[in-house]
Amino acid sequence: MAGFRLLDLVKFFLPILPEIEYPFEKISFDERIVYTVSCAVIFLFGQLPIYGLKKNAQFYIEDPFYNFRSIFSMQQGTLLEFGLLPVLTSGFIWQIAVGLRLINVNLGNRLDRELFQTGQKLTSFILAIIYTVIFIYVGYFDNVIKGYNPIEIGGNIPWGSYFLIGLQLCSWSWIITLLVEIFDKGYGFGSGSLCFLILESATNFIADLVGVEIYPLVNSNKFETYGASLNLIKNFKIFSPKETAFQIYHAFTRIQFPNLTQFYISLFSILVVIGLQNFRIEVPIRSTKMRGMNNIYPIKLLYCGALPLLFAYTIIANLKIFNYLFNFALSPYFPTLTFKLYGSRKVLNSTIISFAFSIIEAFAVIILSSWFANKWSFISGSSPRDISKQFKDQGISISGKRDVSITKEFNRIIPVASVSGAFIIAVVAVIGEFFGGLGKGVSVIVGVASAFGILEEFMIEYQQAGGSQFTNALSGFQ
Amino acid sequence: MADGIEKLTEVPVEFFKDGSAFVKKCSKPDQKEYFKIIKAVGIGFIMMGIVGYAVKLIHIPIRYLIV
């Protein structure tokens, strides 16, 4: 089988998969803004509920995945039930496969690159189908399907509803994959999935704080506002200090809706990440062509941004989904062996086993993200070798170093930077989770850290385009 | 065997040494710079959140129509 490559398998699917074409000419700055904004709006429409479920289904589904929903913008009971998880998982699988040389691909070759991208898309499509099948097989939606009572003996299995729900979940997941592809092929700013994550975490941040929707509380006839601080203000009774104290306590601890603890954890994480973002080592560089041209080349501590953290949580999320499946599938045979590890919230809060597991999870996050950062600093487009090549092309050298030792010097600095950055950011995230951030802290960390990268690209484009029609039009009003 | 264990502990120890040395060597933002960035990022983040949330609010009537 010499010369056979895994990548060639993808070739069969090339003609049948929908594909975003590369832009014919360079997309102008304004067009990119339009593409970015409209994709974001389409993405947000994924928050519409699934057809065929009961009203306010999100509060009645027993949710085993509550602590990483916000990281992947998985919205319960909506079309975004899987959020960005299929896209991110397939992306990481392929990148790591290349990084570890499991598949042989030459990204400089156009056909190879195309196959690589199609492979990612295909994996993402397949993952969406797998997740859908798992969720429906385990009976995730059974509680909330309209006109179906799972407890009733002899009731008909709602095949029609299952099919309808599965169809909606799969097709929306595919649409998200294609939306991400639009970004990745150069129509938008930055990477598509990161852009959506930023949008989602910013939206959730605001909604958690001042969301105005009013939802019924489960198992009672009371109603509460979605936003934590708005609910607190609404229930403030100045003449009854006891009631007020209770409401303040309640605002920090309520479970069904976002609470203030999560808000403060998010805020704290944002402040730390912004601080860390500006930690950098400045390598003095000089031009080899002109004398006296000295400058600095910054190497950031967060060299890989929040990608390592995202990678760690992607792995854990997938493990949990498959654990969910195995727990269900094996429970008739080994009722004593399978603990309900990721069961309902009450079970999770009260058991020692789950505490042990959250500690294991914390260590797993830290170790996985450090490992990924180490690998990523060699396989990304800005590895030490790439940078030194870039330096050579532009006639730049590090001050006080000979040309040959540039790669060596970067090899010494960059892996250390990226690993320690990933380590610190993972520790911040884990601390937030430990205090009950339920993924909100992680999601804002990923959001803010990726926002810097996209903002950088945006500013560079803006300066190259020499302003935009939008700003010109806006300045007309002043 | 003892050699293997030594090697196993050596990697994290080395890593912490290198990492802390790196962080110490880093140039850090001063307070003024930090607040400037927080202001810029904060405004951007909140603006984005408000726009995103506004779109989410449009969903409410649609939700009533389809559920």
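First the proteins, then the strands, lettered A, B, ... as listed; each starts at 1. In this text the structure is predicted, and so the values were computed from the model without any measurement.
Here the side chains of Val55(B) and Phe45(A) are in contact, with some heavy-atom distance below 4.5 Å. Side-chain contact check for Val416(A) versus Lys17(B): every heavy-atom pair is 4.5 Å or farther apart. Put simply, the side chain of Ile270(A) does not reach to within 4.5 Å of the side chain of Ile38(B), judged on heavy atoms.
Between chain B and the options Gly52(A), Gly211(A), Ala451(A), Pro298(A), heavy-atom pairs under 4.5 Å are most frequent for Gly211(A). Most heavy-atom pairs under 4.5 Å with chain A, from the set Ile37(B), Val51(B), Ile50(B): that is Ile37(B). Counting heavy-atom pairs closer than 4.5 Å to chain B, the top residue among Val212(A), Ile299(A), Val444(A) is Val212(A).
Formation of a donor-acceptor pair under 3.5 Å by the Tyr34(B) side chain with backbone atoms of Ile274(A) is not found in this model.
With a 4.5 angstrom heavy-atom cutoff, Gln47(A) touches chain B via backbone and side-chain atoms both. Heavy atoms closer than 4.5 Å to chain B are found in both the backbone and the side chain of Ile198(A). Interface remark: Ala417(A) contributes backbone and side-chain atoms alike to the contact with chain B (heavy atom separation under 4.5 Å). At a 4.5 Å heavy-atom cutoff, the contact between Phe205(A) and chain B is made by side-chain atoms alone. Residue Ile46(B) touches chain A through both its backbone and its side chain, counting heavy-atom pairs closer than 4.5 Å. In this structure, chain B has heavy atoms under 4.5 Å from both the backbone and the side chain of Glu213(A). Proximity to chain B (any heavy atom under 4.5 Å) is shown, for Leu276(A), by neither the backbone nor the side chain. Looking at Phe423(A), the atoms closer than 4.5 Å to chain B (heavy atoms on both sides) all sit in the side chain, from C-beta outward.
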TODO: Start with the C-alpha gap between Lys56(B) and Asn204(A), add the side-chain angles, then the distance that decides, and say whether side-chain contact (heavy atoms from CB on, under 4.5 Å) holds.
DONE: CA-CA 10 Å; Lys56(B) 211 174 169 179; Asn204(A) 280 344; 4.1 Å; yes

Task: side-chain contact (heavy atoms from CB on, under 4.5 Å) evaluation trace for Val41(B) with Leu455(A) - done: CA-CA 10 Å; Val41(B) 173; Leu455(A) 200 67; 5.6 Å; no

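More than 12 heavy atoms of other residues, nucleotides or ligands shown are found within 6.0 angstrom of OH on Tyr60(A).
Note that CG of Leu44(A) and OH of Tyr53(B) are 12.5 Å apart. Values are rounded to the nearest 0.5 Å.
The two residues Met48(B) and Thr203(A) have their closest heavy-atom pair at O-OG1, 4.5 Å.
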